[in-house]
Protein chains: 2
Amino acid sequence: MVKEKQVRSTAAKQHIREILSKSETAMSQPEILEHSEGICDRVTIYRVLDRLLHEGEIHRAVGMDGITRYASCRQCDHDHGHQHDHLHFSCEVCGEVTCLEKVVPVLKLPRGYQAREASYMISGICPDCG
Amino acid sequence: MVKEKQVRSTAAKQHIREILSKSETAMSQPEILEHSEGICDRVTIYRVLDRLLHEGEIHRAVGMDGITRYASCRQCDHDHGHQHDHLHFSCEVCGEVTCLEKVVPVLKLPRGYQAREASYMISGICPDCG
DNA sequence: TATTTCATGCAACTCTGTTGCATTAATTAC
DNA sequence: GTAATTAATGCAACAGAGTTGCATGAAATA
Ligand SMILES: [Mn+2]
Ligand SMILES: [Mn+2]
Ligand SMILES: [Zn+2]
Ligand SMILES: [Zn+2]
């Protein structure tokens, strides 16, 4: 039998979860750090984010800039299982990365390729900045 | 009048261009460095890559791992202008990132969003590793 | 409350990428 | 070919994101 690691609720975790669920956009670790009011060390932020990822509460989006951002899971297609294959939009003016949960790109993989995870990012100008 | 910067052909540039055009897959800077046989400094590689990017000879793909990889432009839809909106596939076993130039995802951006650049990445298992 | 197990802080480290500046090399004009 | 011009390079130093080891602190549970 495999003993599962217990899921523990800590101050840092609750705080970070709240920061992300209140945010309209996906946030990078430094951004989260800024909003964390020194509740914990930056290393702890990374570790909490990892846990939230594995527990399926949040998902991540790597931008064209190579920066990883995190967002809480809202309408992540919970109908057909929990998927994170929606589009992310990165504004070149304000720098914000937005989950477009309703936009799921359509494509056909060539024979032999097995998909496990998807990451779709479009950069440009967002409605606020356009 | 705006004086354009002249395009100069140097040993490092030719070498790096060749490395990329001979590669079947997209390469990261460290990978390029490995294959460069000490022809130049690593900083020069970054600078050459920037130039090749701006000159439209290569394009880049940021993986889910946040690592930037470069690939020379081959069938990048030169019919309808030079686009780089094809899919990239990242194998979780061998780690290689492949340009799938023929696969262009279809989607519809919500009103107000203006697209300028796209990055589509799918990770999973490639034909060789499957 | 005692025990167990996980989470945290801190320091040190790795990796990717960038910048300043003096030197070198490719173009171009002569 | 030679000189003048301007871009490319090397090197060192730096910046930022993310990771790791280890001692300490805090949840969960019994
Ligand atoms: Mn989700
Ligand atoms: Mn191209
Ligand atoms: Zn914007
Ligand atoms: Zn593979």
Checklist entry - When all nucleic acid strands are considered with a 4.0 Å heavy-atom cut-off, which category describes Val48(A): base, sugar-phosphate, or nothing? => result sugar-phosphate
Item to check | 5' precedence on DNA chain C between Asp50(B) and Val7(B) (nearest-nucleotide basis) | outcome: Asp50(B)
Next on the checklist: What I'd like to find out is whether the side chain of Val93(A) reaches to under 4.5 Å of the side chain of Asp128(A), using heavy atoms alone.
Outcome noted: no
Next on the checklist: Just to be sure I understand the rule, does Ser28(A) reach a base, reach only the sugar-phosphate, or reach nothing, if contact means heavy atoms closer than 4.0 Å?
Outcome noted: nothing
Checklist entry - Going by heavy atoms in the side chains, are Val97(B) and Thr25(B) under 4.5 Å from each other? => result no
Checklist entry - Looking across every strand, which nucleic acid part, if any, lies under 4.0 Å from Arg42(B) by heavy atom: base, sugar-phosphate, or nothing? => result base
Item to check | Residue pair Glu96(A) / Glu24(A), side-chain heavy-atom distance below 4.5 Å | outcome: no
Checklist entry - When all nucleic acid strands are considered with a 4.0 Å heavy-atom cut-off, which category describes Leu33(A): base, sugar-phosphate, or nothing? => result nothing
Checklist outcome for this item: From the candidates dT8(C), dG18(D), dT18(C), the one with an atom nearest any side-chain atom of Arg47(A) is dT8(C)
Next on the checklist: Using heavy-atom distances to pick each residue's nearest nucleotide on DNA chain D, tell me which of Thr10(B) and Thr68(A) is more 5'.
Outcome noted: Thr10(B)
Next on the checklist: I need the CD1-P distance between Ile39(A) and dA7(C), as an integer number of Å.
Outcome noted: 16 Å
Item to check | Spacing of Arg17(A) atom CZ relative to dA7(C) atom P, expressed in whole Å | outcome: 13 Å
Item to check | salt_bridge(Glu55(A), Arg51(A)) N-O dist < 4.0 Å | outcome: no
Item to check | Rounded distance (Å) that lies between atom P of dT19(D) and atom CZ of Arg51(A) | outcome: 14 Å
Next on the checklist: In terms of relative ring orientation, are His88(B) and His59(B) parallel, tilted or perpendicular, with 30° and 60° separating the classes?
Outcome noted: tilted
Next on the checklist: What is the separation between atom CG on Asp41(B) and atom C1' on dA12(D), rounded to the nearest whole Å?
Outcome noted: 10 Å
Checklist entry - For Leu49(A) and dA7(C), what is the distance between atoms CG and C1' respectively, to the nearest whole Å? => result 14 Å
Item to check | For atom NZ of Lys13(B) and atom C1' of dG10(D), their distance in whole Å | outcome: 19 Å
Checklist entry - Which of the following nucleotides, dT8(C), dC6(C), dT19(C), is nearest to the side chain of Ala12(A)? => result dT8(C)
Next on the checklist: Rounded to whole Å, please give me the gap between CZ in Arg8(A) and P in dC6(C).
Outcome noted: 7 Å
Next on the checklist: Is Thr44(A) close enough to dG9(C) that one of its side-chain N or O atoms is under 4.0 Å from OP1 or OP2 there?
Outcome noted: yes
Checklist entry - When all nucleic acid strands are considered with a 4.0 Å heavy-atom cut-off, which category describes Ala11(B): base, sugar-phosphate, or nothing? => result nothing
Next on the checklist: Whole angstroms only, please: what is the CD-C1' distance between Glu55(B) and dA7(D)?
Outcome noted: 12 Å
Next on the checklist: Counting the atoms with a prime plus P, OP1 and OP2 as sugar-phosphate, which does Ile45(B) contact under 4.0 Å by heavy atoms, base, sugar-phosphate, or nothing?
Outcome noted: nothing
